Structure formats: structure tokens, C-alpha cells
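Here is the structure we will look at, set down as C-alpha cells.
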Amino acid sequence: MKILILPGDGIGPEITHATLDVLAVLDKKLSLRLDIDVRDIGLATLKSEGTTLPPAVMKRIPEVDGVILGPVSHYEYPSRQQGGINQSAELRVVFDLYANIRPSRSRPGVSVLPKPMDVIIVRENTEGFYSDRNMHAGSGEFMPDENMALSVRKITARASSRVARAAFEIARGRRKKVTAVHKANVLKLSDGLFLREVRKVAQEYPDVELEELIVDATAALLIRSPERFDVIVTTNMFGDILSDEAAELSGSLGLAGSINAGDEICVAQAQHGSAPDIAGRNIANPTSLILSAGMLLDWRGRRDGHQSLIAAGEQIAAAIDRVLESPRTRTRDIGGTLSTTEYTAAVCAAISEL
């Protein structure tokens with residue numbers, strides 16, 4: 001399996017190095033024959049090449065079997081005209097990575113929830129309130145005058161239908177329930193269109209229950225009754241906010257794995273940001289990117305029928321669970337004392353023992 005590694009900015013290189021250490025252990029144990037290609041992006045290439053996303057990187061992506069994207073500091077980037085490209089958004093749009101899949105699961109001693117949670121949020125990734133993804137030419141956000149700003153929200157039947165199908169496929173292999181989250185009581189046309197397409201897809205999955213829930217109630221029920229949710233499907237911004245909420249309820253954004261999947265290409269990405277304030281201090285929690293890498297292996301394994309890749313993904317998840325059981329083997333952001341490298345060593349040891 002060929003994997004392109006894009007370390008990113010801030011803590012990105014540190015947690016990417018940790019992820020590569022974990023992959024190396026799995027490669028040796030399961031004979032995965034991983035072929036790793038590391039390329040710089042972000043502030044490093046802005047300085048050296050005048051862009052945060054070099055054309056050579058974009059050309060390389062379709063040639064590999066998966067991508068691991070570290071956190072990026074896009075808030076610090078200049079305008080696009082000056083070379084500042086948001087890599088996360090660019091990859092999602094250019095390679096049509098329409099499904100952002102974000103699991104969140106409570107663990108004893110880590111989660112703040114009194115009730116168990118095991119939910120996967122499937123977020124539409126290519127349109128919606130994120131206006132930079134909505135236009136063929138120009139920006140979806142603009143100012144007619146200095147005191148007025150407008151933003152375009154786009155919802156299409158095609159995008160809604162395919163992200164709904166991704167959610168139902170996942171739910172069919174779990175507890176067979178999909179919750180479609182919306183704001184159709186206010187956004188009657190756009191969220192009405194989204195719900196129309198979800199309902200159409202639901203007819204193809206009679207074995208899966210469809211529930212419809214307003215986003216406000218969903219945000220509250222994730223706290224009050226998290227056990228009621230199996231798979232949530234929703235539009236772009238709602239999914240971004242709800243998945244961050246779910247991750248924090250599970251214990252930390254640093255525990256949340258995430259992949260951006262299309263029909264042919266998948267990008268693993270930590271759910272959190274680049275945390276430049278702690279960069280270089282060896283205290284970052286690498287769990288999110290490690291879990292995301294495991295999801296990538298699982299995605300490729302299921303897509304191509306490679307059981308060893310599926311097993312690798314399962315072993316990453318199991319090793320993380322084992323390490324997080326004790327405060328002695330947690331990073332300091334979740335009540336432990338371990339550094340990034342010490343925690344990574346503990347995860348690698350747990351994989352070896354499985």
C-alpha cells in the first residue's frame with residue numbers, strides 16, 4: 001500500500017512521526033508492505049516554493065493508495081493569490097472527498113458522559129455553508145460594500161444522496177439506525193432538499209431505521225442521551241460542529257479519528273488543529289492522527305479486499321483502547337503524564353502484545 005504523508009504545520013510533524021512509528025510496527029507484524037512517501041506542505045513550502053500546497057503534491061495524490069494529512073495552520077496563511085491554500089478544503093473539492101467520517105466513542109475514565117456513546121458522524125464534505133467549496137469560479141463569500149458580507153450556501157441532490165448512501169452503508173454494518181440532522185424548520189428549501197434525498201436513499205435500506213432530528217435537539221441529546229445515536233448524517237457545517245462536540249464529550253478532540261473519503265481516494269486527517277502553542281514541546285497527543293491512519297487502512301482494506309489492512313486498522317483501535325485504560329499511559333491533556341514519544345511507544349508496545 002502506497003501512502004503519501006503530508007506532515008503539515010505546528011504539531012503536525014510530531015504527531016505524524018508518531019503515526020509513522022505505529023505504522024512501522026504494524027507493517028513488520030502483519031507484512032503490510034507499506035510504501036511511505038513524505039512530502040512537505042504548509043508554511044514550509046510557502047517559504048521554499050511560494051505555496052502551501054505544491055502542484056507536485058496534488059499530482060502525487062491520485063497515484064497512491066491513501067493520504068495522511070497532518071494538521072495545518074491555515075489561519076496563518078496569506079491569501080490564495082499569495083500562495084496560501086487551505087489544503088483540507090482543496091483536497092476535498094478537487095478529489096471529490098464527499099464523506100467526512102468521524103467516529104466518537106466514550107471510554108471509561110476518559111469521557112465526561114455518564115452514559116455510553118458510540119456514534120459515527122457522516123458529514124457532507126464538498127458544499128453547504130462552507131462557501132469556499134461552492135463555486136466553480138470566484139468565491140462563495142463576498143462583500144457588496146464595507147458594511148455587508150454575504151455567503152452562499154449550496155445544497156444539491158447529488159451530494160445529499162451520496163453522503164446519505166455512505167451513512168446507510170455504515171449503519172447496515174452497525175446497529176442499523178441513521179439519524180438525519182437538519183434545520184428544515186428554518187432552511188426549508190436547502191435542508192428540505194437534503195431530507196428529500198436522504199428519504200429516497202432510506203427506501204433502499206429497509207433494514208435500517210431512519211430518524212430525522214433538528215440540529216438543536218441533536219446537540220442537546222448528544223449530551224443527555226448519547227446512547228440513542230448510531231450513525232448521524234448531516235450537511236457540512238452541522239456535521240463539523242456536532243462531530244467536534246461528540247469528540248470532546250468522548251474525552252478530547254485529540255481522541256477523534258477522521259477520514260475524508262471519495263469513491264477512489266481517501267485522506268486520513270486528525271480532527272483537531274495544529275496547536276502551534278505546543279509545537280516542538282513533545283507533549284501533543286497523537287491519538288487522533290493514529291486512529292485516522294487506522295481508519296484509512298480499514299477503508300482501503302475493505303475497498304480492495306485486503307484482510308491484513310482491515311486487521312491493521314482493528315489492531316490500532318484495540319491498542320489505543322488498551323493504552324487509554326490507565327492514567328499512567330495517557331498524555332497529559334487527558335489526565336496522564338506521558339510525552340508524545342512515550343505515549344507512542346506505549347501504543348507500539350500494545351500492538352506488539354495483541
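Source: prediction; values computed, not measured. Nothing fancy with the numbering, it's 1 onward along the sequence.
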Is [Y] reachable from [X] through a run of I, L, V, M, F, W or Y residues, each pair having side-chain heavy atoms under 4.5 Å apart?
X	Y	answer
I232	V178	no
I68	L26	yes
V25	V38	yes
M237	L253	no
I36	I290	yes

How about [X] and [Y]: does a side-chain donor come under 3.5 Å of a side-chain acceptor?
X	Y	result
N260	Y98	no
Q87	R92	no
R153	S190	yes
E211	T179	yes

Identified side chain to side chain contact (heavy atoms under 4.5 Å, CB included) counterpart of C266 within the set I101, L296, D65: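 Answer to the side chain to side chain contact (heavy atoms under 4.5 Å, CB included) test with C266 among I101, L296, D65: L296.
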
Check against side chain to side chain contact (heavy atoms under 4.5 Å, CB included), K200 and S161: CA-CA 8 Å; K200 285 183 182 178; S161 176; over 6 Å; no

Partners meeting side chain to side chain donor-acceptor pair (under 3.5 Å) with D35 (sequence neighbours left out):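 Scan of D35 (side chain to side chain donor-acceptor pair (under 3.5 Å), adjacent residues dropped) gives none.
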
Student check: side-chain heavy atoms of [X] and [Y] closer than 4.5 Å:
X	Y	answer
H182	T234	no
P71	H272	yes
I223	E245	yes
V201	E197	no
R102	L242	no
R300	M1	yes
N236	E127	no
R172	D207	yes

Would you find more than 12 non-hydrogen atoms of other residues, nucleotides or ligands less than 6.0 Å from [X] atom [atom1]?
X	atom1	result
R158	CZ	no
L150	CG	yes
K176	NZ	yes

[X] (side chain) donor-acceptor with [Y] (main chain) under 3.5 angstrom:
X	Y	result
T218	I214	yes
T340	I283	yes
K188	N185	yes
S288	L255	no
T156	A159	yes
H306	S308	no
S160	A157	no
E248	S250	no
K47	G42	no
T329	E325	no

Looking at every heavy atom in both [X] and [Y], which two are closest together, and how far apart are they?
X	Y	answer
F194	V181	CE2-O, 3.7 Å
G257	M295	C-SD, 3.7 Å
I15	P286	CG2-CA, 3.7 Å
V208	A171	CG1-CB, 4.0 Å
S292	A256	OG-O, 4.4 Å
V119	A246	CG1-CB, 4.4 Å

Interatomic distance, [X] atom [atom1] to [Y] atom [atom2] [nearest 0.5 angstrom]:
X	Y	atom1	atom2	result
R174	E169	CZ	CD	14.0 Å
E14	S339	CD	OG	10.0 Å
I351	K28	CD1	NZ	13.5 Å
S243	I120	OG	CD1	12.5 Å
R175	E209	CZ	CD	11.5 Å
R330	L338	CZ	CG	10.5 Å

For Y343, the option from N285, N282, T287 that meets side chain to side chain donor-acceptor pair (under 3.5 Å):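 Going through the options one by one, the only one that passes is T287.
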
Among D240, T235, N125, the one residue meeting side chain to side chain donor-acceptor pair (under 3.5 Å) with Y130: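 So the option named by the test is D240.
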
Check against side-chain hydrogen bond (donor to acceptor under 3.5 Å, both in side chains), S258 and N100: CA-CA 7 Å; S258 173; N100 184 200; 3.0 Å; yes

Chi angles and distances behind the side chain to side chain contact (heavy atoms under 4.5 Å, CB included) call for L297, I310: CA-CA 6 Å; L297 297 179; I310 297 172; over 6 Å; no

Is the shortest side-chain N to carboxylate O distance from [X] to [Y] below 4.0 Å?
X	Y	result
R60	D37	yes
E90	R80	yes
D191	K183	no
R162	D96	yes
D321	R107	yes

Determine all donor-acceptor pairs shorter than 3.5 Å in which one atom belongs to a side chain in residues 274-281; sequence neighbours excluded.
| residue | atom | partner | partner atom | Å |
| --- | --- | --- | --- | --- |
| S274 | OG | S73 | OG | 2.6 |

Intermediate values then yes/no, side-chain hydrogen bond (donor to acceptor under 3.5 Å, both in side chains), N86 and S88: CA-CA 6 Å; N86 181 343; S88 179; 4.7 Å; no

Ring-face cation contact, F229 with R224, 6.0 Å cut, 45° max: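 So R224 doesn't make the cation-pi contact.
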
Cluster companions of I265 among Ile, Leu, Val, Met, Phe, Trp, Tyr (side-chain spacing under 4.5 Å):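 For the cluster that includes I265, the remaining residues are L4, L6, I41, L43, L46, L53, V57, M58, I61, V64, V67, L69, V72, Y77, I85, L91, V94, F95, L97, V267.
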
